[in-house]
Amino acid sequence: MSTITQASTAGQSSRGNLIYDVLELVLDRGLVIDVFVRVSLVGIELVTIDARVVVASVDTYLRFAEAANRLDLTGSSRPVGLPDLVGEIAEEGAEGRVKGVLSGVGGVIADGFKDLVGIDD
Amino acid sequence: MSTYVYAFAASTHPLSIERSTGVGSPAAVLRVIHHDGLVAVVSDAPDGLRAKRRDLDAHHRIVGTLAAVGPVLPMRFGTIAVDDAAVERELASDSARFHELLDRVDGKVELNVRAAHDEDAVVRDVLFGDAALRRRNDALRAHGGGSYEERIAFGQSVAAAVDARSAHDAAHLIDALRPHAAATVLGPAVDGCFVNVSFLVAAAARQRFDESLARLRHDLSGVAAVRVHGPLPPYSFVADASDDGEG
């Protein structure tokens, strides 16, 4: 996995990867002057759109069903010490299993960005 | 030689760029184009410029350095004019608009806020909040998880509940922070986050913004991680009709 994915799932933002955390601001925001041209950024505009499309996939549904299936909620009303339980899950879960809802998609995007922006520079 | 444009500013801007270099390899030398109370920070545009890490960094660093000491209008990455004269013509032809935009961002920074749910935690939460979903989950668990079709159908219902929870949490986050911002702009969906939103925040409002943020983090602890990027140059607040906030 790339630096971006690690940064996003760990919620950290070191100086080294700041640019990736705000990449779409630098690429898609900022002042646009009609008479000026813009360098070709082939593919980059598509990347953020992908994130919205992939949200509702069969894979997502199966993952949610599996996440629910791991829970034993019988007879419970409200979580007892929810943060503790979350902590247990996080400890039990394999690296990368207990992550953001779309971490898989994020990884794909991150890798796409990596190629496009030459992260290996 | 065409001209790469980093940012516009007022001619009163301190222009702290003496030690900065621009895009390209070797890095281009920065220079300033003056016209009628406005300046453009530019360099020669390198051949074959793409969105490479080094060049994105250079653009972001220069705009950030400038924004740290005075109001600027950051250009979108990769903006190139035919030559310096074209930049000067643009400063001349739209100077009222640029001054107005500079006034709007003066003394303010962009704070970009993103939040992502922990998947297992949010699924747990929505099941606790929905007895019907919980019963279906119990039934499926009693049958070894159910058939492929049953799992998809159930997962779809869970996904809908998570979406609703995401919309709720996003609205909660925006409602909590917006009062401290002069303007608010929603960003595109990114990287697994259920909300990506930028706030234009005045220096005087920063402490209250941070306090609300701390309360939000507490409210969402264990279920969602809230990340803040900034202070940033006002990338999201230099379009003409982008905000809906109040001062």
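By convention in this document, chain letters (A, B, ...) are assigned in the order of the sequence lines, proteins followed by strands, and residues within each chain are numbered from 1. All values reported here derive from a predicted model rather than from experimental measurement.
Between A/Val32 and B/Arg97, the shortest heavy-atom contact is O-NH2, 4.3 Å. The shortest non-hydrogen separation linking B/Asn137 to A/Ala68 is ND2-O, 2.9 Å.
For B/Ala96, the side chain to side chain contact (heavy atoms under 4.5 Å, CB included) criterion is met by no residue, not counting sequence neighbours. Evaluation of the side chain to side chain contact (heavy atoms under 4.5 Å, CB included) rule for A/Ala67 yields A/Arg70, B/Asp120, B/Val123 as partners, not counting sequence neighbours.
Proximity of a side-chain donor or acceptor of B/Arg76 to a complementary backbone N or O of A/Asp28 within less than 3.5 Å is detected. Without hydrogens or angle criteria, B/Arg151 side chain to A/Leu62 main chain gives no donor-acceptor distance under 3.5 Å.
A/Leu31 pairs with exactly one of B/Leu73, B/Thr79, B/Val5 by the side-chain contact (heavy atoms from CB on, under 4.5 Å) rule, that one being B/Leu73.
With contacts defined as side-chain heavy-atom distances shorter than 4.5 Å, the pair B/Tyr235/A/Val26 qualifies. Counting heavy atoms from C-beta on, the side chains of A/Thr60 and B/Gln156 never come closer than 4.5 Å. The shortest side-chain heavy-atom distance between B/Phe77 and A/Leu23 does not fall under the 4.5 Å cut-off. The shortest side-chain heavy-atom distance between A/Arg29 and B/Val185 falls under the 4.5 Å cut-off.
Between chain A and the residues B/Val63, B/Val87, B/Asp94, B/Leu140, the most heavy-atom pairs under 4.5 angstrom are made by B/Val87. When each of B/His59, B/Met75, B/Glu150 is scored by its heavy-atom pairs under 4.5 Å with chain A, the top score falls to B/Met75.
Contact of B/Thr3 with chain A is not made at all, since no heavy-atom distance falls under 4.5 Å.
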Please test A/Glu24 against B/Arg114 for salt bridge (Lys or Arg N to Asp or Glu O under 4.0 Å), starting from the C-alpha separation and ending with a verdict. CA-CA 13 Å; A/Glu24 97 280 356; B/Arg114 292 150 198 228; 2.8 Å; yes
